[in-house]
Asks: 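Dumping the structure here so I can ask a few things about it.
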Amino acid sequence: MGTPIKHITVIGAGNMGHQIAICAAISGFQTVCIDQNEEAIKRASDFADSYLASRIAKGRMSGIEVAQTKARLQFKTSLAEAVKEADLVIEAIIEKLEVKLDVFGQLDQLCPSHTILATNSSYIVSSQIAPATKRPDKVVNMHFFNPALVMSLVEIVKGPHVSDETVAKLEAVTVQLSKTPVVLQKEIYGFVVNRMLQATRKEALNLLDLGIASVEDIDQAVIKGLGYPMGPFQLLDLTGIDLAYHVGMEKYQDSGNEADKPSPTIVDKFQKGEWGKKVGKGFYEY
Ligand SMILES: NC(=O)c1ccc[n+]([C@@H]2O[C@H](COP(=O)([O-])OP(=O)(O)OC[C@H]3O[C@@H](n4cnc5c(N)ncnc54)[C@H](O)[C@@H]3O)[C@@H](O)[C@H]2O)c1
């Protein structure tokens, strides 16, 4: 099945990227995580140190396993250096098509010809990104969930341009990451999980805007009544209200449908910089 995947490079060390990289290194892959922002790299590297130390403290990993994981994990800021040996690149940068097109164009030039170029995008399907490269059969959605070190699902989306070999390789990598792959046979906006999630979130924002119940009470209702592990507003704070804003704007720009615009509450929070847990305030204070 072609070159086996041994080297993984993760582009972006934000919310998702740094945890995907740590997960890959723990699972035995030679891993590089890069970000254009030096502060993000420093934060990611500090988090890796404290996370791995906590695995020893909890008896989940031995000192030797942690030392081996650290030896497999590098944090860098130079794209060219980070991808030259990559068998698989997982892009986890800002959710903007034009930025992703630029990065995939560069990746196509810099990576070996066998390298699979995956995007962790939650909504942008790979058929929109593949034209930036000369290897459309190897450009694919590989969608992790937040927090990536904990959540075990990965959605793999077989766009019409994606080869069976690429999908089979990503399924195998996902299993090696101790996660569960789900293959979507066709591209669809939001894939499976986010379509389900968006429906709940839309209704939660609607109920809030109608003044039916508070943020806290809607979250409690969903947790206690539907058995969800977390309420829709708690989850928005975790995944980032800025992300919800950009996702809504991308969808609106794509469809031209007013109903796809982010809700007034999301626009308000976005403009105030209340983006959720990462900035200390969203629907809740941290
Ligand atoms: N946040 C979530 O819950 C979640 C879940 C699943 C998938 N995703 C997807 O993952 C991607 C990343 O989301 P996030 O929440 O981790 O974003 P984030 O804003 O936390 O992190 C993005 C990182 O990418 C870096 N970056 C931006 N442009 C870059 C470039 N050209 N080269 C190198 N680094 C660059 C930024 O400096 C930042 O550190 C998005 O496509 C999003 O749709 C997010």
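Read the numbers this way: they start at 1 and go in the same order the structure lists the ligands and their atoms. On a predicted model such as this, the values are computed, not experimentally measured, just so you know.
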Asks: Can you report which non-hydrogen protein atom sits closest to atom 10 (O) of ligand 1, along with the distance?
Replies: Asn120 ND2, 3.0 Å
Asks: Picking from Gln30, Lys6, His114, what satisfies side-chain hydrogen bond (donor to acceptor under 3.5 Å, both in side chains) with Asp87?
Replies: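 For Asp87, the side-chain hydrogen bond (donor to acceptor under 3.5 Å, both in side chains) test succeeds with only one of Gln30, Lys6, His114, which is His114.
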Asks: Going by atom types only, do His161 and Ser126 share a side-chain donor-acceptor pair under 3.5 Å?
Replies: yes
Asks: Who gets closest to atom 5 (C) of ligand 1 by heavy atom: Lys278, Met16, Glu250?
Replies: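 Considering heavy atoms of Lys278, Met16, Glu250, the nearest to atom 5 (C) of ligand 1 sits in Met16.
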Asks: Please report which non-hydrogen protein atom sits nearest to atom 22 (C) of ligand 1, along with the residue it belongs to and the distance in Å to one decimal place.
Replies: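 Scanning the protein heavy atoms, the shortest distance from atom 22 (C) of ligand 1 goes to Ala92 O, 3.8 Å.
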Asks: Heavy-atom contacts with Asn146 under 4.0 Å: which atoms of ligand 1 show up? List them by number with element.
Replies: 1 (N), 2 (C), 3 (O)
Asks: Considering only heavy atoms, which of Asn15, Ile34, Ile93, Leu235 lies nearest to atom 11 (C) of ligand 1?
Replies: Ile93
Asks: Here's a test for you: under side-chain hydrogen bond (donor to acceptor under 3.5 Å, both in side chains), which of Glu95, Gln128, Gln198 qualifies with Tyr123?
Replies: Gln198
Asks: If you measure every N or O of Phe144 against every N or O of ligand 1, does any of those distances drop under 3.5 Å?
Replies: no
Asks: For atom 25 (C) of ligand 1, which of Leu238, Asp35, Val10, Thr239 has the closest heavy atom?
Replies: Asp35
Asks: Distance to 0.1 Å, residue and atom name: give those for the protein heavy atom nearest to atom 7 (C) of ligand 1.
Replies: Ser122 OG, 3.0 Å
Asks: Is it true that Leu170 and Met16 fall in one hydrophobic cluster, defined by side-chain heavy atoms closer than 4.5 Å?
Replies: yes
Asks: I want to know if ligand 1 touches Asn37 in the polar sense, i.e. an N/O pair below 3.5 angstrom.
Replies: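 Among all N and O atoms of Asn37, none is under 3.5 Å from an N or O of ligand 1.
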Asks: Please state which option from Gln106, Lys100, Glu95, Met151 has its nearest heavy atom closest to atom 43 (O) of ligand 1.
Replies: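 The residue whose heavy atom sits nearest atom 43 (O) of ligand 1 is Glu95.
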Asks: Side-chain contact test, heavy atoms from C-beta onward, threshold under 4.5 Å: evaluate it for Asp242 versus Lys278 and give yes or no.
Replies: yes
Asks: Please name all residues satisfying side-chain contact (heavy atoms from CB on, under 4.5 Å) with Asp137, sequence neighbours left out, ordered by chain then number.
Replies: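 Arg135, Ser163.
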Asks: With a 4.0 Å cut-off on heavy atoms, is Gly240 touching ligand 1?
Replies: no
Asks: Please state which option from Gly12, Gly14, Gly276, Ala244 has its nearest heavy atom closest to atom 21 (O) of ligand 1.
Replies: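 Looking at heavy atoms only, Gly14 sits closest to atom 21 (O) of ligand 1.
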Asks: Would you kindly confirm whether Leu243 and Phe144 end up in one hydrophobic cluster when ILVMFWY residues are joined by side chain heavy atoms under 4.5 Å apart?
Replies: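 No; Phe144 is not reachable from Leu243 via cluster members.
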Asks: Measure from NZ or CZ of Lys269 to the centre of the six-membered ring of Phe283 and say whether it is under 6.0 Å with the direction within 45° of the ring axis.
Replies: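 Yes - Lys269 lies over the ring of Phe283, closer than 6.0 Å to its centre and within 45° of its axis.
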Asks: Side chain or backbone of Asp102 under 4.0 Å from ligand 1, or both, or neither, by non-hydrogen atoms?
Replies: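 Neither; no heavy atom under 4.0 Å.
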Asks: Among all the protein's non-hydrogen atoms, which is closest to atom 34 (N) of ligand 1, and how far away is it?
Replies: Gln36 N, 3.3 Å
Asks: State the atoms of ligand 1, each with its element, that fall below the 4.0 Å cut-off from a heavy-atom position in Val103.
Replies: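 Listed by number with element, the hits are 31 (N).
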Asks: With atoms numbered from 1 as shown, which atoms in ligand 1 lie under 4.0 angstrom from a non-hydrogen atom of His143?
Replies: 6 (C), 7 (C)
Asks: Which word best sums up how the rings of Phe47 and His18 line up, parallel for under 30°, tilted for 30 to 60°, or perpendicular for over 60°?
Replies: perpendicular
Asks: Using the rule side chain to side chain contact (heavy atoms under 4.5 Å, CB included), only one of Thr133, Val140, Thr166 pairs with Leu117; which is it?
Replies: Thr133
Asks: With a 4.0 Å cut-off on heavy atoms, is Phe145 touching ligand 1?
Replies: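 For ligand 1, residue contact (heavy atoms, under 4.0 Å) with Phe145 is absent.
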Asks: List the steps, then state whether side-chain contact (heavy atoms from CB on, under 4.5 Å) holds for Tyr189 with Asp254.
Replies: CA-CA 11 Å; Tyr189 181 86; Asp254 207 38; 5.8 Å; no
Asks: Please work out whether any backbone atom (N, CA, C, O) or any side-chain heavy atom from C-beta onward of Ala40 is under 4.0 Å from ligand 1, and answer side chain, backbone, both or neither.
Replies: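 The side chain, only.
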